[in-house]
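Here the structure comes first, spelled out in structure tokens, and everything after it is commentary.
Numbers here simply count residues along the sequence, with the first being 1. All figures in this text were calculated on a predicted structure; none of them were measured in a lab.
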Amino acid sequence: MAAGDMASTRLGAGRQHLRPLKRRGLVLLRLTAIVFAVLLFCEFLIYYLVIFRCSWPAVKTPADAGGLGTPEPVLRVMFLADSHLLGAVRGHWLDKLRREWQMERAFQTALWLLQPEVVFILGDIFDEGKWSSSQHVGSQFPNQRSNPRPLHWECSLNQLDHQGSPLEDIFKNSLKFPRTVLSCTKKVLVQAWADDVGRFWKIFRHPPHVQLRAVAGNHDIGFHYQMNTYKIKRFEKVFNPERLFSWKGINFCVPGTQSPADCTGGPWLISCPCLSFVMVNSVALEGDGCDICSGAEAELLEISHRLNCSREQEHRPQECGDGQRLPASAPILLQHFPLYRRNDANCSGEDAAPPDEKYTPFKERYDVLSQEASRKLLWWLRPRLVLSGHTHSACEVLHGAGVLEVSVPSFSWRNRNNPSFIMGSITPTEYALAKCYLPCEDTVLTTYCTAAGGLVLLTLVHAGLVASPFHFGWNMLRKFKTT
């Protein structure tokens with residue numbers, strides 16, 4: 001009898017020891033579930049919930065107006081700008097991780113939900129392309145005399161950090177640093193460009209049937225005084241160097257007029273309603289007669305000649321010849337720098353420039369194109385729509401002859417709390433635009449802070465340091481009833 005009582009006593013004591021362990025395990029499980037749920041929401045689900053509200057704008061076609069004939073096909077295009085992928089000079093690893101993950105999830109979610117056919121990125125894809133070096137140290141540091149002796153310098157970012165100066169200081173004060181440090185900096189930047197390109201294709205990966213095109217920005221190839229042939233060729237090696245992009249897919253051929261093979265590979269006939277996009281290197285439109293600028297203007301004049309010939313379908317001038325024709329519809333102009341405007345005073349919307357920046361005058365050839373370059377583009381190309389980036393804020397401006405220009409806001413949290421992109425439904429004769437907002441960074445941070453506060457409160461309640469809000473409210477209610 002005594003032995004049985006002793007065994008039951010030990011069993012009861014064991015159960016009492018197990019209860020706290022079970023309670024702790026349940027609390028830990030709850031905390032883990034909350035953390036997982038918050039991470040899932042902030043890093044995945046919020047992008048689907050926000051972008052799901054976006055839809056392609058409806059564009060008017062002759063069939064919608066009661067006309068006869070085959071309805072015009074509609075091309076679905078995404079326009080985004082200023083992703084500013086950080087590099088080796090100013091890029092902190094946490095900043096890269098946070099902002100690049102945001103852009104990757106936003107872009108991949110938009111591809112999956114919206115399924116565009118073409119994506120255009122309007123410059124400043126990279127943040128530090130203007131500092132990247134060629135294979136010749138003298139071209140990156142012109143004030144440093146070249147040394148014909150080969151240098152065997154194993155470089156890494158850690159070795160440069162050991163010199164006691166960040167990379168940005170080495171760029172600004174190249175004469176103060178020894179030759180070995182400059183050579184090491186050059187090698188690091190060559191590798192950094194390759195790393196940046198690899199990260200770009202990881203973030204903006206897309207299926208083969210989606211075409212991605214990009215124009216160069218000042219952070220990709222440098223401003224005019226930093227730009228050189230090497231940087232331009234390097235950028236064009238990554239992205240298609242074509243200036244005139246014409247969409248002539250099979251689904252854009254009018255049935256019964258010609259075969260799909262003729263439309264995709266043969267001459268572009270009037271009966272094949274294709275679309276033209278002119279992609280301009282706006283950094284090269286300085287107008288000072290430099291070799292790069294002269295080449296860019298000559299290329300635009302050639303495109304202008306071809307576009308003008310395509311408009312003269314009945315009485316085609318003799319100088320046009322019988323070469324490949326472009327679509328007769330007016331092109332859409334894509335560039336990084338906006339056309340000239342004084343400031344953003346007339347821009348409105350929640351993603352326009354802040355009130356303290358709206359009335360700041362824009363500097364020609366730095367914030368916007370010069371008046372002369374803007375007039376040339378409008379006169380030579382006669383576009384029906386212009387899209388640009390660079391300002392990181394939204395704006396809509398009407399230029400001469402009623403040409404609409406849309407400045408696309410930045411796609412990255414690094415430049416805006418509320419990034420967005422433009423969705424375009426485009427036909428050979430009409431277009432319609434809509435804006436799709438991405439999740440606000442403040443919303444994500446607020447969610448994390450609220451969840452962290454809740455986790456701390458649950459931990460304190462479990463430790464007995466704070467009374468449970470439920471029990472506290474219940475006790476207050478009982479006291480109120482008894483009184």
For this session: Check whether any side-chain N or O of R105 sits under 3.5 Å from a backbone N or O of F44 as a donor-acceptor pair, and report yes or no.
Result: no

Problem set entry | F52 atom CZ, neighbour heavy-atom count above 12 within 6.0 Å | no

Exercise. So, for S412 and M103, which heavy atoms are closest and what is the spacing to 0.1 Å?
Worked result: CB-SD, 3.7 Å

Problem set entry | L80 and V119: CA distance, side-chain angles, deciding distance, side-chain contact (heavy atoms from CB on, under 4.5 Å) verdict | CA-CA 8 Å; L80 54 97; V119 178; 4.1 Å; yes

For this session: Report, as yes or no, whether the 6.0 Å neighbourhood of atom CH2 on W201 holds more than 12 heavy atoms from other residues, nucleotides or ligands.
Result: yes

Problem set entry | R382 side chain to L307 backbone, donor-acceptor under 3.5 Å | no

Problem set entry | Modelled atom types, side-chain donor and acceptor of H390 and N218, under 3.5 Å | yes

Exercise. Are any side-chain N or O atoms of D220 and backbone N or O atoms of D124, one a donor and one an acceptor, separated by less than 3.5 Å?
Worked result: yes

Exercise. Can you tell me if K231 uses its side chain to pair, donor with acceptor, with the backbone of Q226 under 3.5 Å?
Worked result: yes

Exercise. To the nearest 0.5 Å, what is the distance between CD1 (I46) and CD1 (I51)?
Worked result: 10.0 Å

Exercise. If we ignore angles and hydrogens, is there a donor and acceptor under 3.5 Å between the side chains of H224 and D288?
Worked result: yes

Exercise. Considering residues, nucleotides and ligands other than N346, do more than 12 of their heavy atoms fall under 6.0 Å from its CG?
Worked result: no

Exercise. Which distance, rounded to the nearest 0.5 Å, do you find between the OG of S410 and the CG of N417?
Worked result: 12.0 Å

Problem set entry | Pairwise side-chain contact, L438 with Y47, heavy-atom cut-off 4.5 Å (strictly under) | no

Exercise. Just by distance, do the side chain of H219 and the backbone of E128 share a donor-acceptor pair under 3.5 Å?
Worked result: no

Problem set entry | Reported CZ-to-CG distance for the pair R384 and L404, which is rounded to 0.5 angstrom | 12.0 Å

Problem set entry | Within-4.5 Å side-chain heavy-atom neighbours: P419 and W413 | yes

Seminar exercise, completed: Closest non-hydrogen atoms of V215 and L334, given as atom of the first, atom of the second and distance, are CG1-O, 4.0 Å

Problem set entry | Audit row: W56, V74, side-chain contact (heavy atoms from CB on, under 4.5 Å) steps and yes/no | CA-CA 11 Å; W56 292 101; V74 179; over 6 Å; no

Exercise. Counting only heavy atoms not in W379, do more than 12 sit closer than 6.0 Å to its CH2 atom?
Worked result: no

Exercise. Parallel under 30°, tilted from 30 to 60°, perpendicular over 60°: which one fits the rings of F411 and F204?
Worked result: tilted

For this session: Scan side-chain atoms only and decide if R306 and S276 contain a donor-acceptor pair under the 3.5 Å cut-off.
Result: no

Problem set entry | Stepwise side-chain contact (heavy atoms from CB on, under 4.5 Å) check, F200 with D196 | CA-CA 6 Å; F200 168 83; D196 294 346; over 6 Å; no

Exercise. Roughly how far apart are K435 NZ and E396 CD, rounded to 0.5 Å?
Worked result: 6.5 Å

For this session: Carefully, step by step, assess V278 and W380 under the rule side-chain contact (heavy atoms from CB on, under 4.5 Å).
Result: CA-CA 11 Å; V278 180; W380 289 347; over 6 Å; no

For this session: Report yes if some heavy atom in the side chain of I221 is under 4.5 Å from a heavy atom in the side chain of N281; otherwise report no.
Result: yes

Problem set entry | Shortest non-hydrogen contact between V50 and Y437, atoms and distance | CG1-O, 3.3 Å

Exercise. Has the side chain of S374 got a donor or acceptor atom that lies under 3.5 Å from a matching backbone atom of Y340?
Worked result: yes

Exercise. Less than 4.5 Å apart, any side-chain heavy atom of I292 and any of M227?
Worked result: yes

Problem set entry | Minimum heavy-atom distance P116-V210, with the two atoms named | O-CG2, 3.5 Å

Exercise. Taking E372 for the side chain and G287 for the main chain, is one N or O donor matched with an acceptor at less than 3.5 Å?
Worked result: no

Problem set entry | Shortest non-hydrogen separation from V386 to V403 and the atoms involved | CG2-CG1, 3.9 Å

Exercise. Considering all heavy atoms of both residues, which atom of L114 and which atom of R76 are nearest to each other, and what is their separation?
Worked result: O-NH1, 4.2 Å

For this session: State, with a plain yes or no, whether a side-chain heavy atom of L433 is found less than 4.5 Å away from one of I422.
Result: yes

Exercise. Between atom CG of N228 and atom SG of C290, what is the distance when rounded to the nearest 0.5 Å?
Worked result: 11.0 Å

Problem set entry | Polar side-chain atom of R416 near backbone of H392 as donor-acceptor pair, under 3.5 Å | yes

Problem set entry | Within 6.0 Å of OH in Y359, more than 12 heavy atoms from elsewhere | no

Problem set entry | pair V77-I332: side-chain heavy atoms closer than 4.5 Å | no

Seminar exercise, completed: When R414, R99, R98 are each screened for salt bridge (Lys or Arg N to Asp or Glu O under 4.0 Å) with E441, the one that passes is R99

Exercise. Does the S304 side chain pair with the main chain of L300, one donor and one acceptor, at a distance under 3.5 Å?
Worked result: no

Exercise. Do L369 and S282 touch side chain to side chain, with heavy atoms closer than 4.5 Å?
Worked result: yes

Exercise. For F223, does the CZ atom sit with more than 12 other heavy atoms under 6.0 Å from it, leaving out its own atoms?
Worked result: yes

Exercise. Taking everything shown except D356 itself, do over 12 heavy atoms lie less than 6.0 Å from its CG?
Worked result: yes

Exercise. So do P361 and N343 actually touch side chain to side chain, heavy atoms under 4.5 Å?
Worked result: no

For this session: First locate atom CD of E405, then atom CG of L387, and finally report the distance between them rounded to the nearest 0.5 Å.
Result: 8.0 Å

For this session: Could you label the plane-to-plane angle of the F79 and F277 rings as parallel, tilted or perpendicular, counting under 30° as parallel and over 60° as perpendicular?
Result: tilted

Exercise. Can any side-chain N or O of S425 pair as donor or acceptor with the backbone N or O of P57 at less than 3.5 Å?
Worked result: yes

